Amino acid sequence: SLLTTGVPDEACAPHTMGATANAGDCYSICSDSKSRSQRIKSVTRPSSVVDFDIKKVKEAVKKGPLITYMKIYADFLSYKGGIYHHVTDQAVGGHSAVIIGFDDRKKAWIIKNSWGS
């Protein structure tokens with residue numbers, strides 16, 4: 001976990017699973033990964049799915065990136081850039097991503113996605 005063992009830097013443990021759809025790729029890490037790993041000290045949730053508070057999440061992301069989970073629909077698999085708008089109702093799975101900001105003008109979260117550039 002991020003609390004106990006941490007995670008090594010991306011050069012040591014590149015995540016390519018989403019790009020290749022090969023689960024084995026996710027476990028290719030460098031031999032000195034333990035010394036290159038960073039741990040977090042605590043976990044907090046600025047909001048919850050049940051009682052979502054956009055103001056709290058926007059304040060929290062000002063302090064650093066936030067791990068989030070996205071329900072993935074078929075139309076997301078062809079997403080290339082810009083603001084994603086869910087169109088179809090066919091759910092195909094879930095995906096972890098990182099919220100790095102919010103664009104007030106566009107009313108959109110800015111999210112780092114590991115499934116390609």
Side-chain angles (χ1 to χ4, degrees):
S1 88
L2 292 173
L3 289 166
T4 56
T5 58
V7 65
D9 58 90
E10 193 168 355
C12 175
H15 180 78
T16 57
M17 188 172 117
T20 64
N22 182 353
D25 291 347
C26 193
Y27 303 104
S28 176
I29 62 172
C30 62
S31 59
D32 61 344
S33 64
K34 190 172 185 177
S35 66
R36 293 170 67 164
S37 293
Q38 296 290 317
R39 293 187 317 217
I40 59 173
K41 295 178 182 168
S42 65
V43 175
T44 59
R45 293 177 189 222
S47 189
S48 71
V49 174
V50 176
D51 189 25
F52 185 72
D53 186 330
I54 193 169
K55 289 179 184 178
K56 287 181 181 179
V57 177
K58 286 168 70 174
E59 283 302 313
V61 81
K62 288 178 184 177
K63 298 175 187 174
L66 303 174
I67 298 169
T68 191
Y69 173 84
M70 297 170 54
K71 187 173 187 180
I72 301 299
Y73 296 89
D75 60 355
F76 186 75
L77 301 176
S78 60
Y79 168 77
K80 298 289 184 211
I83 297 175
Y84 167 70
H85 295 279
H86 166 63
V87 178
T88 68
D89 289 326
Q90 183 181 0
V92 295
H95 179 49
S96 293
V98 179
I99 300 172
I100 59 171
F102 187 83
D103 186 321
D104 285 313
R105 189 174 53 79
K106 296 178 182 177
K107 296 182 181 177
W109 295 107
I110 302 167
I111 297 177
K112 285 180 75 174
N113 174 25
S114 63
W115 284 358
S117 57

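The first residue of the sequence shown is numbered 1, and numbering continues consecutively from there. Every heavy atom of this structure was used, including side-chain atoms; hydrogens, water molecules and symmetry mates were not. Note that the coordinates shown come from a computational prediction; the quantities given were computed from them, not determined experimentally.
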Tell me, yes or no, whether the heavy-atom count around Ile83 atom CD1, taken from other residues, nucleotides or ligands under 6.0 Å, exceeds 12. yes
What are the two closest heavy atoms between Thr5 and Ser37, and how far apart are they? O-CB, 3.7 Å
Heavy atoms only: give me the nearest Thr4-Arg39 pair and the separation to one decimal. O-CD, 3.0 Å
Search all heavy atoms of Ile100 against all heavy atoms of Val61 and return the closest pair with its distance. C-CG2, 3.6 Å
Which heavy atom of Ile110 sits nearest a heavy atom of Phe102, and at what distance? CD1-N, 4.0 Å
Can you tell me how far CD1 of Ile72 sits from OH of Tyr84, rounded to the nearest 0.5 angstrom? 6.5 Å
Angle between ring planes, Phe52 versus Trp109, binned at 30° and 60°: parallel, tilted or perpendicular? perpendicular
Under-4.0 Å salt bridge between Lys56 and Glu59: no
Kindly give the heavy-atom pair with the smallest separation between Val57 and Ser47, and that separation in Å. CG2-CB, 3.6 Å
What distance do Ile67 atom CD1 and Lys112 atom NZ have between them, rounded to the nearest 0.5 Å? 12.0 Å
Rounded to the nearest 0.5 Å, the CD1 atom of Ile99 sits from the NZ atom of Lys58 at a distance of 12.0 Å
Residue pair Leu3 / Ile40, side-chain heavy-atom distance below 4.5 Å: yes
Can Val7 be reached from Val43 by stepping across I, L, V, M, F, W or Y side chains whose heavy atoms are under 4.5 Å apart? yes
Interatomic spacing from NE2 in His85 to CG in Asp75 - rounded to 0.5 Å: 11.0 Å
Nearest heavy-atom pair of Ala97 and Ile111: which atoms, and what distance? CB-CG2, 3.4 Å
Decide yes or no for Arg36 and Cys30: does some side-chain heavy atom of the first lie under 4.5 Å from some side-chain heavy atom of the second? yes
Kindly determine whether Tyr73 and Val87 satisfy side chain to side chain contact (heavy atoms under 4.5 Å, CB included), including the steps that lead there. CA-CA 8 Å; Tyr73 296 89; Val87 178; over 6 Å; no
Does Asp51 have more than 12 heavy atoms from other residues, nucleotides or ligands lying within 6.0 Å of its CG? no
